[in-house]
Protein chains: 2
Amino acid sequence: MIQGAQSRGRGAGTASLRRLPLYYRLLQQLVAGGVRYVSSGIIGRDLGLDPTQVRKDLEALGLSGRPRVGFAVSDLLRGIESFLGWDRPKEAVLAGAGNLGSALLRYRRFGEYGVQIVAAFDTDPEKIGRPIDGKEVYLLDSLPGRVRRMGVHLGVITTPPRAAQRVADLMVEGGVRAIWNFAPVHLRVSPSVVVQNEDLGHALASLSLRLAQEGPEDGLGGPARLVPDLEPEDPDAALQGGAQPDEG
Amino acid sequence: MIQGAQSRGRGAGTASLRRLPLYYRLLQQLVAGGVRYVSSGIIGRDLGLDPTQVRKDLEALGLSGRPRVGFAVSDLLRGIESFLGWDRPKEAVLAGAGNLGSALLRYRRFGEYGVQIVAAFDTDPEKIGRPIDGKEVYLLDSLPGRVRRMGVHLGVITTPPRAAQRVADLMVEGGVRAIWNFAPVHLRVSPSVVVQNEDLGHALASLSLRLAQEGPEDGLGGPARLVPDLEPEDPDAALQGGAQPDEG
DNA sequence: CGCCAATCGAGATGAGATTCTCGATTTCGG
DNA sequence: CCGAAATCGAGAATCTCATCTCGATTGGCG
């Protein structure tokens, strides 16, 4: 991914950081299959990456493998979880309880990454006071105060474009220091606030572009994520959205 | 961004490709404000990028500016649209009409990028035959045949993790050549099929990580997108999810 | 018309990322 | 116990990307 002007950590560069979730997913599927050890060559082959790169990435995490054997899958999983902070709980609030916002409030999988959305905000009186998936929906105007009292530092914006900037301002006012922005607008915030844009339209269009350009897959995300990104998963747990198209 | 093993185009590298949607968003806000010309310096300041980089990105699109004046905003918008293929219509199908899938079916903004989801598939009998936002929901088993008849090459997977691989196989069987995968699993598909992973959990966790690492914003996405990505928008049009928290 | 400032475009420089090469270690099969 | 194969780990080479520097062009102003 492209990092604009970002201070990168020491060990793992922003590049390898993006691949860790990919490894994590694959490793989870391997443990589910009873595999205990895996070589960088296997990982590389499945993910379309160079084995050396895989080793370097894992090395940056402080993990090491054994010649002729490979890496212990369980070590890798724990190492990645720890490195990415998935084992340290964090809370977030969401603004804009529309289609997308509601879906995110019901999304079951954030917990696996140590993140939990604890409250929602909206301006529609119809929505206030009606919890969505157990999360209370409050009036938008009360956001700064509540967020500050809750001590939450993560905010999710799923409002219409026109409301996004104001919501961002309210969040920052309440002490939010990182914003996950689904609204397709460029937010102007203090440089100390981290903004991660997640434009779904752009993401799908990006995929379409890759298709048109005949660019065989590499496993990475793509859009939004054009910038900093990550990801993981396990093949047996519950699941996201809600519908389970067979195969249960 | 990190691209696994991808054949990159000639003109614009994968890096600048990720920034184009950022420019697009900003430019749309500028036209809405009546601005006709903009310099690379202005764009760079607003987006936190180096002016030279902005010029290089735009240059890669075949666009040029005039000294002392800058670039014509309308030219830039058209150029980006064209380069990213947003002006060429494409159809997509979706599998997994759960929370997330439904939200995407109702998402109004794909059209702006030239993409339209034309049908959905699921295994839940309750959902079959009940259109969502005007899109018909069919039985998953009929996917290959229908997709082939419709001539669709884009597929979206919003199923539980366990169903994802089977759905991917069905899609490929039906002729889908690019998959947007929201299920947190690593899909194994033919190398000729493009897979773009969009793990929302990972994306949010990624943001959280950036926060913890004290990494001031750069405007880029982050996770998923790890690989090829993109994005755009206009500040006045309708909007995404559905809820409109004030400011209407 | 001539000067000044703004802005672009191109080349050079430097940092980061990816790939390649090679030596060391360990397991497996005689 | 010994040789072959696999795998890792470190260093070097290559590539891409981002930033810096500088000359050229253009519009505004006197």
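Keep in mind that this is a model prediction, so the values were computed, not measured. What's counted below: heavy atoms across the whole structure, side chains too, no hydrogens, waters or symmetry copies.
- Checked against salt bridge (charged side-chain N to carboxylate O under 4.0 Å, His left out), D87(A) has no partners two or more places apart in sequence or in another chain.
- Between S40(B) and dT7(C), a side-chain N or O to OP1/OP2 separation shorter than 4.0 Å is absent.
- For R188(A), the salt bridge (charged side-chain N to carboxylate O under 4.0 Å, His left out) test picks out D46(B), with sequence neighbours left out.
- Direction of the helix axis in the helix from dC1(C)-dG30(D) to dG30(C)-dC1(D) shifts by 10° between the two five-pair termini, rounded to 10°.
- The nearest whole Å value for the distance from the CG atom in L47(B) to the P atom in dT19(D) is 13 Å.
- A 4.5 Å side-chain heavy-atom check between K90(B) and Q116(B) finds every atom pair outside the cut-off.
- A donor and an acceptor atom, one from each side chain of Q165(A) and D169(A), are located under 3.5 Å apart.
- If you measure from atom CG of D57(B) to atom P of dT16(D), you get 16 Å, rounded to the nearest angstrom.
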Taking only nitrogen or oxygen atoms into account, show me every contact under 3.5 Å that the protein makes with nucleotides 28-30 of chain D, one pair per line with its distance.
none

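- Residues meeting the side chain to side chain donor-acceptor pair (under 3.5 Å) test with E91(A), sequence neighbours left out: none.
- In this structure, R68(A) has no salt bridge (charged side-chain N to carboxylate O under 4.0 Å, His left out) partners at least two apart in sequence or on a different chain.
- Here dT19(C) presents its P atom at 5 Å from CD of Q53(A), a figure rounded to the nearest Å.
- We find that NZ of K56(A) is positioned 9 Å from P of dG11(D), with the value rounded to whole Å.
- Phosphate contact (OP1/OP2 of dA18(D), side-chain N/O of R19(B), threshold under 4.0 Å): present.
- At least one side-chain nitrogen or oxygen of T14(B) sits closer than 4.0 Å to the OP1 or OP2 atom of dC17(D).
- In this structure, the CZ atom of F71(A) is 18 Å from the P atom of dA6(D), given to the nearest Å.
- When the side-chain nitrogen and oxygen atoms of T52(A) are compared with OP1 and OP2 of dT19(C), none of them lie within a distance under 4.0 Å.
- The CD atom of E59(B) sits 18 Å away from the P atom of dT7(C) (whole-angstrom rounding).
- A straight line from OH of Y37(A) to C1' of dT27(C) spans 13 Å, rounded to a whole angstrom.
- Regarding R55(B), its CZ atom lies at a distance of 15 Å from the P atom of dA18(D), rounded to whole Å.
- OP1 or OP2 of dG27(D) sits under 4.0 Å from a side-chain N or O of R66(B).
- L17(B) is listed as a side-chain neighbour of L209(A), based on a closest heavy-atom distance under 4.5 Å.
- Both V69(B) and S39(A) sit near DNA chain D, but only S39(A) has its closest nucleotide nearer the 5' end.
- When all heavy atoms of P184(A) and R25(B) are compared, the pair lying nearest together is C-NE, 3.6 Å.
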Inset, instruction - Go through the steps to decide whether F110(A) and Y107(A) satisfy the test ring-ring contact (aromatic ring centres under 6.0 Å, His included), and finish with yes or no. - result: CA-CA 7 Å; F110(A) 291 128; Y107(A) 191 72; 4.7 Å; yes
